[in-house]
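These notes concern the structure reproduced below.
The structure presented is a predicted model; accordingly, all values stated were derived computationally and were not measured. Reminder, nothing fancy here: chain letters follow the sequence lines and each chain counts from 1.
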2 protein chains.
Amino acid sequence: MGITKSESFTVQQNETALLLKAIAHPARIAIVEHLLKVQSCICGDIVSELPLAQATISQHLKELKNAGIIKGSVEGTAICYCLEKEVIEKLAQYFSTISNQINNQKSTCC
Amino acid sequence: MGITKSESFTVQQNETALLLKAIAHPARIAIVEHLLKVQSCICGDIVSELPLAQATISQHLKELKNAGIIKGSVEGTAICYCLEKEVIEKLAQYFSTISNQINNQKSTCC
DNA sequence: TTGTTATATTGCAATATTACGATAAATGTA
DNA sequence: TACATTTATCGTAATATTGCAATATAACAA
C-alpha cells in the first residue's frame, strides 16, 4: 500500500528512519557532500553543480531541511544553506554504537 | 517520474544512497536492532516480534540482504540471519568522517 | 515602478515502495 | 510418501517519490 505502519514501531525507530530516508538519495548525498566541501555556506550554485532542474533541487533541499539535516538562512536574494552538525553527529553515533556492539559480541554465527 | 537519475552521480554516492535507503525504514531498523539484541542469529521469530505479515517481513529481509546489510544461512527448515559487520562499519565511518570534517572547519555561517 | 535574480511552489506523469493474502518451494519428520 | 513447518514469491491495491515545466514569490537595483 506504499504506507508505512509507523504506529508499530518506537518513536526512535521512526525518527531514525526519517533521518536516513532524507539522506538516502544520491542527489541529497551529493548536496550534503558539496556543503561539506565548500567550507563556507552555499546557496543556489548547487543547481549549477548538479545536473538536475532547479525545481528538483529546491525540492531536495526542502526535504533535507524538513528532516533537520541542513538549515538555510536568507542572504539577500540568495539563501545560504549549511549542515546541521548535531544531526550528523547523531547519525554517526547511531552507527558507531551498533558497530561497537557487534564487535563486542563474540557470537560466531553465519 | 519516480526514477532516480543515477547516471548523474558518482558510484560512491549511489552506493551510499542504496545502503541508506535499505535501512531507512522503521521495520528494517527494528530488524537490525533486533538482530543486534539477540546476540546469536535470529531466524523467523522476527515475524512474531513485529506486527507485520510474514510476507512483508520476508520482503524487508530480502532488501536488507540485497543491500548487503545482513546475511542469512540455511539452518534446517529455518534461516539464520545476522548483521554484516563490515557494512555497518562502513556507514559508521561515513558519518564519522563527515562529522569530523564539520568540526574541523571553523566557518561561522548560518 | 519595472526589471532582474534567486528560490519556492504547483501540477503533473512516470515509477517505486509498502503491505498483505494466497500460494509456492524447501526441508525435516512420521 | 505424506505432512508439517518455515521462508520465498506472486499478484495486487494503496500510497510515496522523483523529476520537470510553468509559475509564483521575494529581495534587491535602476
Has the side chain of Gln54(B) got a donor or acceptor that lies under 3.5 Å from a partner of the other kind on the base of dC20(C)?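 Not at all, since no donor on one side and acceptor on the other fall under 3.5 Å apart.
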
Base, sugar-phosphate alone, or nothing: which one does Glu75(B) contact when heavy atoms must sit under 4.0 Å apart?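 No contact.
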
Could you give the [atom1]-to-[atom2] distance, from [X] to [N], as a whole number of Å?
X	N	atom1	atom2	value
Glu63(B)	dT17(C)	CD	C1'	8 Å
Leu18(A)	dT17(D)	CG	C1'	14 Å
Gln59(B)	dA22(C)	CD	P	17 Å
Asn66(B)	dT17(C)	CG	C1'	14 Å
Ile70(A)	dA8(C)	CD1	C1'	13 Å
Ile57(A)	dA8(C)	CD1	P	11 Å
Ile79(A)	dA8(C)	CD1	P	4 Å
Ile23(B)	dT17(C)	CD1	P	16 Å

Selection from [options] that lies nearest to any side-chain heavy atom of [X]:
X	options	value
Ala53(B)	dT5(C), dT17(D), dC20(C)	dC20(C)
Thr77(A)	dT5(C), dT6(D), dA8(C)	dT5(C)
Ala55(A)	dA8(C), dT7(C), dA22(D)	dA22(D)
Ile3(A)	dG19(D), dT15(D), dA8(D)	dT15(D)
Lys5(B)	dC20(C), dA19(C), dC20(D)	dC20(D)

Please determine whether a side-chain nitrogen or oxygen atom of [X] lies at a distance below 4.0 Å from atom OP1 or OP2 of [N].
X	N	value
Lys62(B)	dA8(D)	no
His25(B)	dA19(C)	yes
His60(B)	dT17(C)	no
Tyr81(B)	dT6(D)	no
Ser58(A)	dA8(C)	yes
Lys21(B)	dT17(D)	no

Closest to the 5' end of DNA chain D, once Ala24(A) and Gly44(B) are matched to their nearest nucleotides, is Gly44(B)

Is a side-chain donor or acceptor of [X] paired with a backbone partner of [Y] at a separation under 3.5 angstrom?
X	Y	result
Arg28(B)	Glu63(B)	no
Ser99(A)	Phe95(A)	no
Lys5(B)	Ala27(A)	no

Closer to the 5' end of DNA chain C via nearest nucleotide, is it Asp45(A) or Thr56(B)?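 Looking at the nearest nucleotide for each, Asp45(A) comes out on the 5' side.
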
Reading DNA chain C from 5' onward, which residue's closest nucleotide shows up sooner: Leu52(B) or Gly76(B)?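 Its nucleotide being nearer the 5' end, the pick is Leu52(B).
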
Test log, rule side chain to side chain contact (heavy atoms under 4.5 Å, CB included), inputs Gln101(B) and Leu36(A): CA-CA 7 Å; Gln101(B) 279 186 258; Leu36(A) 196 64; 3.5 Å; yes

Using 30° and 60° as the class boundaries, would you call the ring planes of His25(B) and His60(B) parallel, tilted or perpendicular?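 His25(B) vs His60(B) ring planes: tilted.
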
Does the side chain to side chain contact (heavy atoms under 4.5 Å, CB included) test come out yes or no for His34(A) and Val38(A), once each step is laid out? CA-CA 6 Å; His34(A) 185 67; Val38(A) 289; 3.9 Å; yes

